[in-house]
> 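Here it is, the structure, as structure tokens.
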Amino acid sequence: MANRNGTTPFDWATWRAELQENVPAGLARLQQLSRVSPAPVEADTDAAFFQRVVDTLTESAESGSHYTELRFGNDTVLRPGFMRMFRDAEAQVRQRHPRFRAEAIISVLMWYEPRRLYRIIDACEAAADDGLAGIDILYVPYAAEADWRTARHVVGLARDAGLGITVHAGEFSPPTSPPSPVSTASPASGTPHTPPPTHGCCHCWSSGTSPWRSA
């Protein structure tokens, strides 16, 4: 983006070094990761957004990946033409990497006030018709027990829309002690799939009809 706009790119190397030096590993460092804004809001045009997706998918395809899921911030689903731009970006990358496939995932931040939260959910349900693959639910307090009552309702709506669902849980918990969201956030049909503890504990369900396309 900086090269195309003729501006100085964000100095990620310095930012990363300062983060590692000044912020202890763990939850504090994780929270700091979401507080950096490398570009002003006005630079986030549709053309810039499209090119970012193309660049990201190209990097993944050129590294040898055949399938990539991109997780977008939850407000991204409100961008007009979001899924169309995503599919156009995927199609452009597939011109050079025909075996490559990609899907879009929307992060759903459960700490939003209800009106804003359900606006996001409504948009995700609508985007499911355009090929949105799923949602990824995050909650705070991130390192303590959370109230998952609203999340259960959100999971049900996502399931009914045919969306895949992942729930962040246990990144800072012992791998031998699964957190309670396994039982309280499980109205979605299907069997939970738990990745290895080295990746945290992200419990996943898919609806009866998978939104993921066949290769």
Side-chain angles (χ1 to χ4, degrees), residues 1-45 47-65 67-79 86 89 93 102-113 116-117 120 134-148 151 166-182 185 194-204:
M1 183 187 297
N3 290 337
R4 285 187 292 273
N5 295 334
T7 58
T8 303
F10 188 81
D11 188 354
W12 287 108
T14 298
W15 174 83
R16 183 170 58 249
E18 291 177 349
L19 180 71
Q20 292 175 325
E21 180 179 353
N22 300 322
V23 182
L27 184 59
R29 187 175 294 175
L30 180 67
Q31 291 174 328
Q32 193 67 29
L33 292 176
S34 63
R35 295 175 183 169
V36 59
S37 298
V41 174
E42 57 269 22
D44 189 25
T45 64
F49 173 80
F50 173 79
Q51 194 58 51
R52 287 201 308 275
V53 177
V54 170
D55 291 347
T56 303
L57 295 182
T58 298
E59 181 179 349
S60 180
E62 291 182 348
S63 71
S65 170
Y67 176 73
T68 294
E69 291 179 358
L70 285 188
R71 191 177 75 182
F72 293 88
N74 62 167
D75 286 337
T76 306
V77 75
L78 301 177
R79 179 189 288 269
F86 180 83
V93 175
E103 297 293 350
I105 307 294
I106 295 295
S107 293
V108 175
L109 309 183
M110 297 301 301
W111 56 88
Y112 278 0
E113 53 88 18
R116 185 179 183 186
L117 172 63
I120 300 295
I135 64 171
D136 180 51
I137 294 177
L138 291 90
Y139 219 120
V140 290
Y142 202 66
E145 188 66 23
D147 182 351
W148 290 91
T166 59
V167 182
H168 273 261
E171 279 89 341
F172 294 95
S173 302
T176 55
S177 303
S180 63
V182 172
T194 306
T198 53
H199 296 286
C201 189
C202 190
H203 302 282
C204 311

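All of these numbers come straight from a predicted model, not from anything done at the bench. The basis for the numbers below is simple: all heavy atoms, side chains too, and nothing from hydrogens, waters or symmetry mates.
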> Restricting to side chain to side chain contact (heavy atoms under 4.5 Å, CB included), what partner residues turn up for Thr56, sequence neighbours left out?
Leu70
> Take Val54 and Gln51, measure what side chain to side chain contact (heavy atoms under 4.5 Å, CB included) needs, and give me the verdict at the end.
CA-CA 5 Å; Val54 170; Gln51 194 58 51; 3.8 Å; yes
> Are any of the side-chain heavy atoms of Arg52 and Asp44 separated by less than 4.5 Å?
yes
> Show the nearest heavy-atom pair for residues Gln32 and Trp15, with the distance to one decimal.
O-CZ2, 4.5 Å
> Drop me the distance from Phe49's CZ to Phe86's CZ, to the nearest 0.5 angstrom.
8.5 Å
> Can you tell me how far apart CD1 (Ile105) and CD (Glu69) are? Round to the nearest 0.5 Å.
4.5 Å
> Donor-acceptor pairs under 3.5 Å, side chain of residues 19-28 to any protein atom, not counting sequence neighbours: which ones?
{"unit_1": "Asn22", "atom_1": "ND2", "unit_2": "Glu18", "atom_2": "O", "d": "3.2"}

> What distance do Ile135 atom CD1 and Phe72 atom CZ have between them, rounded to the nearest 0.5 Å?
15.5 Å
> Could you work out, with side chain to side chain donor-acceptor pair (under 3.5 Å) as the rule, every residue matching Thr76, not counting sequence neighbours?
none
> Given Trp111 and Tyr139, is the ring-ring contact (aromatic ring centres under 6.0 Å, His included) satisfied, shown in steps?
CA-CA 6 Å; Trp111 56 88; Tyr139 219 120; 7.6 Å; no
> Taking the side chain as every heavy atom from C-beta outward, state whether Ile120 and Val77 have any pair of such atoms under 4.5 Å apart.
yes
> If I compare all heavy atoms of Leu57 with all of Ala102, which pair ends up nearest, and what's the gap?
CD2-CB, 3.8 Å
> Identify which one of Ile137, Asp75, Thr166, Asp136 satisfies the side-chain contact (heavy atoms from CB on, under 4.5 Å) criterion when paired with Ser107.
Asp136
> How far apart are the closest heavy atoms of Ile106 and Gly73, and which atoms are they?
CD1-O, 4.3 Å
> Please walk me through it: do Met110 and Leu117 pass side chain to side chain contact (heavy atoms under 4.5 Å, CB included)?
CA-CA 7 Å; Met110 297 301 301; Leu117 172 63; 3.9 Å; yes
> Tell me every residue that passes side chain to side chain donor-acceptor pair (under 3.5 Å) with Thr14, counting only those two or more places apart in sequence or in another chain.
Asp11
> For Arg29, give me all partners under side chain to side chain donor-acceptor pair (under 3.5 Å), at least two apart in sequence or on another chain.
none
> The criterion is side chain to side chain contact (heavy atoms under 4.5 Å, CB included); which residues satisfy it with Glu59, sequence neighbours excluded?
none
> Going through the checks in order, is the side chain to side chain donor-acceptor pair (under 3.5 Å) test met by Ser60 and Ser63?
CA-CA 5 Å; Ser60 180; Ser63 71; 4.6 Å; no
